[in-house]
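Bear in mind the structure is a predicted one, so any value in this text is a computation, not a measurement.
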Amino acid sequence: MEPFYLRLTENIVEAVTADLGKILQEIGEEQIYAAALVTDSDCITLFLAVNTLEYLEENGDPEGEEKWFPDEWGYSDGPGSSLEKISRLLYEHNQALSCGDDTEEDQEAHHQMFFEAVISALARLKEQKAFGANTGNVTCFLSISDDERAEELENRSAERLNPPELAEAFLKRFQ
């Protein structure tokens, strides 16, 4: 893997840990059930979305599809967050790549390395119990906000990041 993406995993872990500290204070005693890192189809932005059972019950249908849509969730990193700084790095890296003679295959290879770096970061965060005492019951996944590949990426990442029972429930979310 390219050195940029190896460092990116560590940078994401550090950024999410910092941003999550603020979110955990805001959440208080609420129980997190899902956390996602969300990017765009160009892989130049990254944000953290977290939802709790309590927020879902107050603002949606606990059995509805919005349960799994990060854009509908109650908590995320905000302006000035550490992940916003990561997004700037991603944008600059993308601009540097655009100056070259990258083919579509090269671009896809970079996207796959990016996805792998983000999934690896989420795996480390789960290992470190970053989402609190209930981390083992938190469904984590990577999503793309504006891409037809979103569901496939969400499923693939959820299978890798979660225990079988959580992954299976997530895979059945639209049935």
Side-chain angles (χ1 to χ4, degrees), residues 8-41 43 45-87 90 114-147 149-175:
L8 183 61
T9 297
E10 294 303 321
N11 291 340
I12 292 170
V13 169
E14 290 172 13
V16 169
T17 301
D19 294 343
L20 194 54
K22 296 172 190 162
I23 292 171
L24 290 172
Q25 285 182 330
E26 185 179 351
I27 288 172
E29 297 297 315
E30 294 181 32
Q31 185 177 350
I32 298 171
Y33 73 86
L37 284 171
V38 183
T39 190
D40 60 278
S41 59
C43 301
T45 61
L46 191 63
F47 76 89
L48 172 66
V50 175
N51 212 16
T52 65
L53 295 172
E54 292 80 0
Y55 184 89
L56 181 62
E57 288 175 17
E58 288 179 24
N59 299 285
D61 176 6
E63 301 305 318
E65 289 184 358
E66 70 267 9
K67 177 179 183 177
W68 301 111
F69 293 152
D71 289 345
E72 303 292 325
W73 293 354
Y75 306 94
S76 68
D77 62 299
S81 69
S82 297
L83 278 171
E84 188 175 80
K85 294 171 186 143
I86 298 289
S87 292
L90 293 169
F114 170 76
F115 297 152
E116 184 59 36
V118 175
I119 292 168
S120 294
L122 279 168
R124 287 190 194 166
L125 290 160
K126 281 198 79 157
E127 288 170 9
Q128 295 171 0
K129 300 194 182 322
F131 301 100
N134 192 44
T135 295
N137 295 317
V138 175
T139 301
C140 290
F141 60 97
L142 170 60
S143 185
I144 306 176
S145 62
D146 61 347
D147 196 295
R149 302 175 293 174
E151 188 173 345
E152 184 272 327
L153 181 60
E154 290 169 354
N155 290 348
R156 186 178 57 169
S157 63
E159 285 181 302
R160 285 187 51 197
L161 292 166
N162 300 292
E165 62 277 1
L166 289 181
E168 187 177 323
F170 182 81
L171 295 175
K172 293 178 180 178
R173 68 194 179 281
F174 298 131
Q175 296 177 3

Would you call the rings of F174 and F69 parallel, tilted or perpendicular, taking 30° and 60° as the class edges? tilted
Just verifying a value: how many Å separate I86 CD1 and L37 CG, rounded to the nearest 0.5 Å? 10.5 Å
Which distance, rounded to the nearest 0.5 Å, do you find between the NZ of K85 and the CG of N11? 12.0 Å
Who passes side chain to side chain contact (heavy atoms under 4.5 Å, CB included) against S82, sequence neighbours left out? A15, A18, D19
Going by heavy atoms in the side chains, are L90 and F114 under 4.5 Å from each other? yes
What is the distance from atom OH of Y75 to atom CG of L20, rounded to the nearest 0.5 Å? 12.5 Å
At their closest point, which heavy atom of G136 faces which heavy atom of P163, and how far apart are they? O-CG, 4.0 Å
For the student: nearest non-hydrogen atoms of L142 and L122, plus distance: N-CD1, 4.2 Å
Residue pairs, two or more places apart or on separate chains, that pass side-chain hydrogen bond (donor to acceptor under 3.5 Å, both in side chains) and touch residues 157-175: E116-R160, K126-N162, E154-R173, N155-R173, E168-K172
Distance (rounded to the nearest 0.5 Å) between E84 CD and T45 OG1: 11.0 Å
If you measure from OG1 on T135 to CG on N137, what distance do you get to the nearest 0.5 Å? 9.0 Å
With no hydrogens and no angle check, is any side-chain donor or acceptor of D77 less than 3.5 Å from a backbone partner on V16? no
If we ignore angles and hydrogens, is there a donor and acceptor under 3.5 Å between the side chains of N51 and Y33? yes
I would like to know whether L46 and I12 meet side chain to side chain contact (heavy atoms under 4.5 Å, CB included); could you show each step before the answer? CA-CA 9 Å; L46 191 63; I12 292 170; 3.8 Å; yes
May I ask you to decide if the ring planes of F141 and F170 are parallel, tilted or perpendicular, using 30° and 60° as cut-offs? tilted
Are I144 and F115 side-chain neighbours, meaning at least one heavy-atom pair lies under 4.5 Å? yes
Mark yes or no for whether T9, through its side chain, and A117, through its backbone, hold a donor-acceptor pair below 3.5 Å. yes
Nearest atoms (heavy-atom pairs only) where A36 meets W73: N-CZ3, 3.7 Å
So, for R149 and S41, which heavy atoms are closest and what is the spacing to 0.1 Å? NH2-O, 4.0 Å
Any non-hydrogen side-chain atom of D40 less than 4.5 Å from a side-chain atom of F47? no
Go through the steps to decide whether I27 and Y55 satisfy the test side chain to side chain contact (heavy atoms under 4.5 Å, CB included), and finish with yes or no. CA-CA 9 Å; I27 288 172; Y55 184 89; over 6 Å; no
Out of curiosity, L153 CG to D147 CG, how far, rounded to the nearest 0.5 Å? 8.5 Å
